[in-house]
Engineer: 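Handing you a structure now.
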There are 2 protein chains.
Amino acid sequence: MTAAETPDETTAVPDGCPADTAVETIQREMTVFARRARASAGRMHPELSLVSYTLLGHLEERDGRRATDLAAHYALDKSTVSRQVSALERAGLIERRVDPDDHRVQVLHLTESGRQALDRVTERRRTAFRERLADWAEEDLLRFAGYLERYNAWPGAAPDGERDRAAPGPRTVDGTH
Amino acid sequence: MTAAETPDETTAVPDGCPADTAVETIQREMTVFARRARASAGRMHPELSLVSYTLLGHLEERDGRRATDLAAHYALDKSTVSRQVSALERAGLIERRVDPDDHRVQVLHLTESGRQALDRVTERRRTAFRERLADWAEEDLLRFAGYLERYNAWPGAAPDGERDRAAPGPRTVDGTH
DNA sequence: CTCCGGAGTTGTACTGTGCAACCAGCAATG
DNA sequence: CATTGCTGGTTGCACAGTACAACTCCGGAG
């Protein structure tokens, strides 16, 4: 509601400033997105679940991560990651190699097949999103992407570490952060 | 990657324009958000799962929706909604009333207790998000919220109908759409 | 060597979810 | 009115994703 139109019994909390409303909208809309994302992922590319896709994408972006890194980045339990990784390996999409320096850790790499699957799916997603974002001004796209990155980059969110390990910088869409 | 730095073997697809990169970033970051959201919801307010919270929020915003509306809006199966709704009703947070005009449909309403629970949680979330978004300029918040709304409002996403039923307009943060 | 802590795995249980089969009202048609 | 067909909702079933806790394995500090 536009702060001006509070005629019905909606908000008990007074909704102080527009920023508060914005914050709520952000939460709400992000959640809507999340829910729909999973649904559409299933239809769009049954070959790769949204989780798998995401993990693969992460590995493409920053090859040679450890399972723990993924867990931290996505706020997942290590057991979950372990299982996902096992599945991806069984499917031949990634490889696990033990770190010669520390036999506890296993470094993850995309296989060629994994890269291909990922690219196929990325391509499908890209066209879908392209269509969806077709009438957005490029400026808005860049800014939107920047906001999302900025939002997620918030240090308190993922007890990461993450940003200081090997690999080139994150896939930044502009200089926004 | 900033389109300028494609030195490693990452993208097979040439990544034509910056808009493409932005689109991918949007997908990726939205997904990261989604994953973390559920995790943090559990910690932040165990009393209300993210799903429940979302559905309650939807009902607060637009009271008297039908289960089908929720399903459409969130791209959920009607069975899923049915179960969620049952749970919420069991918990005494919402009420189902049969529409006198059509005995098939049941109209959903927040109970007082539901409204309170929702407000409690909203408050917690709001402070958390506030902290997180503390150093954002208000202008950016508004624009971010506007982008998200615009994104989700895309007609192809939810085969909604939704926007033309009773209830006052959606909670719009600015005039953006 | 022993003990501690970190990386991963496995057992278990639960939630969210979809699909398909179903039931129950409405509505149009013969 | 009886038949057919559509729409809203529920239930049975199966499965993915997830967390938590208990465990193994390895490396480092004492």
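A note on names: the letters A, B, ... follow the listed sequences, proteins ahead of strands, and every chain is numbered from 1.
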Engineer: Rounded to whole Å, how long is the line connecting atom CZ of B/R66 with atom C1' of C/dA24?
Structural biologist: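 Taking atom C1' of C/dA24 as the reference, CZ of B/R66 is at 15 Å.
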Engineer: When you measure from every atom of DNA chain C, which of residues 44-51 of chain B have a heavy atom less than 4.0 Å away?
Structural biologist: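 Output list: B/S49, B/V51.
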Engineer: Whether B/T68 contacts D/dT7 is assessed here as follows: a side-chain N or O lying under 4.0 Å from the phosphate OP1 or OP2. Is that the case?
Structural biologist: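 It does not, given that no N or O in the side chain of B/T68 lies less than 4.0 Å from OP1 or OP2 of D/dT7.
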Engineer: Kindly compute the distance separating CZ (B/F129) from CD (A/Q27), expressed to the nearest 0.5 Å.
Structural biologist: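 Nearest 0.5 Å value for the CZ-CD distance: 4.0 Å.
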Engineer: With nearest nucleotide decided by heavy atoms, which residue, A/S52 or B/V105, maps closer to the 5′ end of DNA chain D?
Structural biologist: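 Result: B/V105.
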Engineer: So which nucleotide from C/dT9, D/dT11, C/dA7 ends up closest to the side chain of A/S82?
Structural biologist: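 Out of C/dT9, D/dT11, C/dA7, the nucleotide with an atom closest to A/S82's side chain is C/dT9.
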Engineer: For residues 101-114 of chain B, pull every pair meeting salt bridge (charged side-chain N to carboxylate O under 4.0 Å, His left out), keeping only residues two or more places apart or in separate chains.
Structural biologist: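 Counting only pairs at least two positions apart or across chains, the salt bridge (charged side-chain N to carboxylate O under 4.0 Å, His left out) contacts touching residues 101-114 of chain B are B/D102-B/R104.
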Engineer: Which of parallel (below 30°), tilted (30 to 60°) and perpendicular (above 60°) describes B/Y147 and A/Y147?
Structural biologist: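 It falls in the tilted class, 30° to 60°.
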Engineer: If the sugar-phosphate is the primed atoms plus P, OP1 and OP2 and the base is the rest, what is the B/S/- string for nucleotides 19-30 of chain D, using protein heavy atoms under 4.0 Å?
Structural biologist: BBB----BS---
Engineer: If I take atom CZ in residue B/R97 and atom P in nucleotide D/dG8, what distance separates them, rounded to the nearest angstrom?
Structural biologist: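 Rounded to the whole Å, the gap is 20 Å.
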Engineer: How long is the gap from CZ on B/R66 to CG on B/D99, to the nearest 0.5 Å?
Structural biologist: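 That separation rounds to 8.5 Å.
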Engineer: CG of B/L55 to CG of B/L48: how many Å apart, nearest 0.5 Å?
Structural biologist: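 That separation rounds to 9.5 Å.
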Engineer: Are OP1 or OP2 of D/dG17 and a side-chain N or O of A/Q84 less than 4.0 angstrom apart?
Structural biologist: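 True: A/Q84 side-chain N/O within range (under 4.0 Å) of D/dG17 OP1/OP2.
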Engineer: Output yes when at least one side-chain N/O atom of A/R35 is less than 4.0 Å from OP1 or OP2 of C/dT17, else no.
Structural biologist: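 The answer is yes; a side-chain N or O of A/R35 sits under 4.0 Å from OP1 or OP2.
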Engineer: CZ of B/R38 versus P of C/dC14: gap in Å, rounded?
Structural biologist: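 It is 17 Å, rounded to the nearest whole Å.
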Engineer: Quick test of your reading: applying side-chain hydrogen bond (donor to acceptor under 3.5 Å, both in side chains), list the pairs with at least one residue in residues 81-93 of chain B, sequence neighbours left out, ordered by first then second residue.
Structural biologist: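 Of all non-adjacent pairs touching residues 81-93 of chain B, those that pass side-chain hydrogen bond (donor to acceptor under 3.5 Å, both in side chains) are B/E89-B/R96.
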Engineer: Just how far, in rounded Å, is C1' of C/dT15 from CZ of B/R90?
Structural biologist: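 So the two atoms are 13 Å apart, to the nearest Å.
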Engineer: Which is it for B/R150 and A/W136 under the side chain to side chain contact (heavy atoms under 4.5 Å, CB included) test, yes or no, and what are the steps along the way?
Structural biologist: CA-CA 10 Å; B/R150 177 175 173 194; A/W136 286 52; 3.5 Å; yes
Engineer: Roughly how far apart are A/D140 CG and B/Y151 OH, rounded to 0.5 Å?
Structural biologist: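 If I round to the nearest 0.5 Å, the distance is 14.5 Å.
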Engineer: Please enumerate all residues that pass side-chain hydrogen bond (donor to acceptor under 3.5 Å, both in side chains) together with B/T54, with sequence neighbours excluded.
Structural biologist: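 Not a single residue meets the side-chain hydrogen bond (donor to acceptor under 3.5 Å, both in side chains) criterion with B/T54.
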Engineer: Without decimals, in angstroms, what is the distance between B/L88 CG and C/dT15 P?
Structural biologist: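 Spelled out: CG on B/L88 to P on C/dT15 is 14 Å.
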Engineer: Return the angle between end axes of the helix from C/dC1-D/dG30 to C/dG30-D/dC1, with five pairs used per end and rounding to 10°.
Structural biologist: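 The angle separating the two end axes equals 0°.
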Engineer: Is it true that A/R120 and A/E123 have a side-chain N and a carboxylate O under 4.0 angstrom from each other?
Structural biologist: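 The answer is no: the pair does not qualify as a salt bridge.
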Engineer: Angle class for the A/Y74/A/H58 ring planes (parallel below 30°, perpendicular above 60°, tilted otherwise)?
Structural biologist: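 If you compare the ring of A/Y74 with that of A/H58, the planes turn out perpendicular.
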Engineer: Nearest whole angstrom, please: distance from the P of D/dG17 to the OH of A/Y74.
Structural biologist: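 Spelled out: OH on A/Y74 to P on D/dG17 is 14 Å.
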